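The structure appears right after this line, and notes come after that.
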Amino acid sequence: MNAQVWTHCSAATMVEGGAPYGLVDDAALVTEDARIAWVGPRRELPAQWRAAPEQDCRGALLTPGLIDCHTHLVYGGDRAQEFEQRLNGASYEEIARAGGGIASTVRATRAASEDELFAQSRTRLRALRAEGVTTVEIKSGYGLALAQERKCLRVARALGREEGVAVTTTFLGAHALPPEFAGRPDDYVDELLRMLPALHAEGLVDAVDAFCERIAFTPAQTERVFMAARALGLPVKLHAEQLSDSGGATLAARFGALSCDHLEWVGEEGVRAMAQAGSVAVLLPGAFYFLRETRLPPIALLREHGVPIAISTDCNPGSSPCTSLLLMLNMACTLFRMAPEEALAGVTRNAARALGLADRGTLQAGRRADFVSWDVARPAQLAYAIGANPRLQTIQEGRAR
Ligand code: DI6
Ligand code: FE
């Protein structure tokens with residue numbers, strides 16, 4: 001066993017229930033190989049580790065490795081042109097209905113080879129990694145046909161392997177209706193039910209998501225996808241209540257969803273159902289900002305019902321071309337009025353929960369040794385600054401990277 005002791009640091013452990021941020025001043029953190037063995041005040045460091053090799057953090061703040069729990073970062077092309085159209089007056093929904101939007105990214109993604117897709121997506125993953133992200137969820141959903149969805153999920157897996165970031169994959173075949181199924185959404189759902197088991201059998205799927213919205217799939221269609229996920233023992237998540245209240249959160253909660261995401265239009269019934277199911281609310285301030293939404297997700301209601309809140313980039317070409325999770329921390333505070341501590345919990349502890357990962361998200365004995373050292377004096381500075389990156393070092397599974 002290879003033990004190391006990290007000292008001359010403070011640690012925002014993000015463990016719930018104690019000090020704000022679970023903060024430990026003058027901390028020591030012990031890693032044994034890829035796991036955290038102990039965290040606490042340095043003067044209480046157990047004798048067994050006092051002779052272990054020391055890593056001097058020179059006064060840095062340690063936090064858990066950041067977790068981006070909702071991205072669509074594998075895609076071809078970009079949508080800068082659509083951005084121009086929107087600035088000339090077209091709305092996101094109008095563009096989507098006119099065959100642009102997601103459909104245009106589907107064309108570009110299908111046209112890209114696996115290597116091209118890998119190279120383009122790697123740039124985005126590296127940007128996240130440079131800010132201390134150690135775990136990223138990546139959704140498919142720009143292929144929308146078996147071979148194309150497979151290509152995207154394979155790229156996601158390869159990115160995780162080759163870039164040294166933990167990647168979880170989510171099958172989002174129910175993202176949009178592909179052109180070959182125009183006017184036949186139920187036939188496309190039939191096709192999804194054939195695709196999912198095949199991709200799952202290849203080890204490419206960790207969870208299943210759908211876009212339940214008036215411009216996407218109905219609750220009844222979403223339910224069919226969820227039944228198929230359940231039959232395979234796969235957890236579900238849902239893009240719910242982004243543009244309207246379609247009852248998606250309630251539906252997802254019935255399936256014990258890991259998370260419901262977006263939620264600008266969710267009502268009390270949906271929030272109550274999520275609380276009962278233990279689903280995390282994943283809020284996406286980048287999409288809110290970029291689409292210039294005005295309806296805020298109901299933060300007060302989520303707090304009142306004790307629904308854990310996660311924050312994510314939603315990295316995608318149409319509604320959130322964003323590769324900065326630190327910027328999302330700031331926007332969660334400025335746009336959604338979340339407290340910096342809530343926002344940081346949203347990219348650590350609660351983001352882990354939104355992915356069903358119990359082995360990370362806090363600095364605690366037994367957890368994965370995924371953590372970041374930052375050149376800041378206090379944790380609120382991570383949410384306070386706009387466009388700064390005070391990361392000093394990332395430790396992934398016990399190894400400096
Ligand atoms: N909701 C979103 O915000 C993204 N997908 C989704 O279901 C947008 C995807 C895109 O516009 O390409
Ligand atoms: Fe999304």
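This structure is a prediction, so every number in the text was calculated from the model and none was measured. First listed ligand is number 1; within each ligand, the first listed atom is number 1.
The aromatic rings of Trp6 and Phe371 sit perpendicular, their planes meeting at an angle over 60°, well past the 30° parallel limit. Ring geometry for Phe336 against Phe288 counts as perpendicular: the plane angle is over 60°, on a 0 to 90° scale with 30° as the lower cut.
The angle that Asp314 OD1 and His70 NE2 make at the Fe ion (ligand 2), rounded to 10°, works out to 80°.
By the side chain to side chain contact (heavy atoms under 4.5 Å, CB included) test, Val167 is found to be paired with Ile138, Ala156, Thr169, residues two or more places apart in sequence or in another chain being considered. Evaluation of the ring pair (Phe, Tyr, Trp, His ring centres under 6.0 Å) rule for Tyr289 yields no partner, not counting sequence neighbours.
Using a heavy-atom distance under 4.0 Å as the criterion, the protein contacts of ligand 1 are His72, Arg79, Tyr92, Ile102, Tyr142, His175, Phe211, His239, Gln242, His262, Asp314, Asn316, Gly318, Ser319.
In this structure, Leu232 places its CG atom where more than 12 heavy-atom neighbours from other residues, nucleotides or ligands lie under 6.0 Å away.
For residues 67-76, the side-chain hydrogen bond (donor to acceptor under 3.5 Å, both in side chains) pairs, not counting sequence neighbours, are Asp68-Ser312, Asp68-Thr313, His70-His72, His70-His239, His70-Asp261, His70-Asp314, His72-His239, His72-Asp314, Tyr75-Arg124.
A side-chain N or O of Arg367 and one of Thr362 form a donor-acceptor pair less than 3.5 Å apart.
Note on His239: counted as a metal contact of the Fe ion (ligand 2), an N/O/S atom lying under 2.8 Å.
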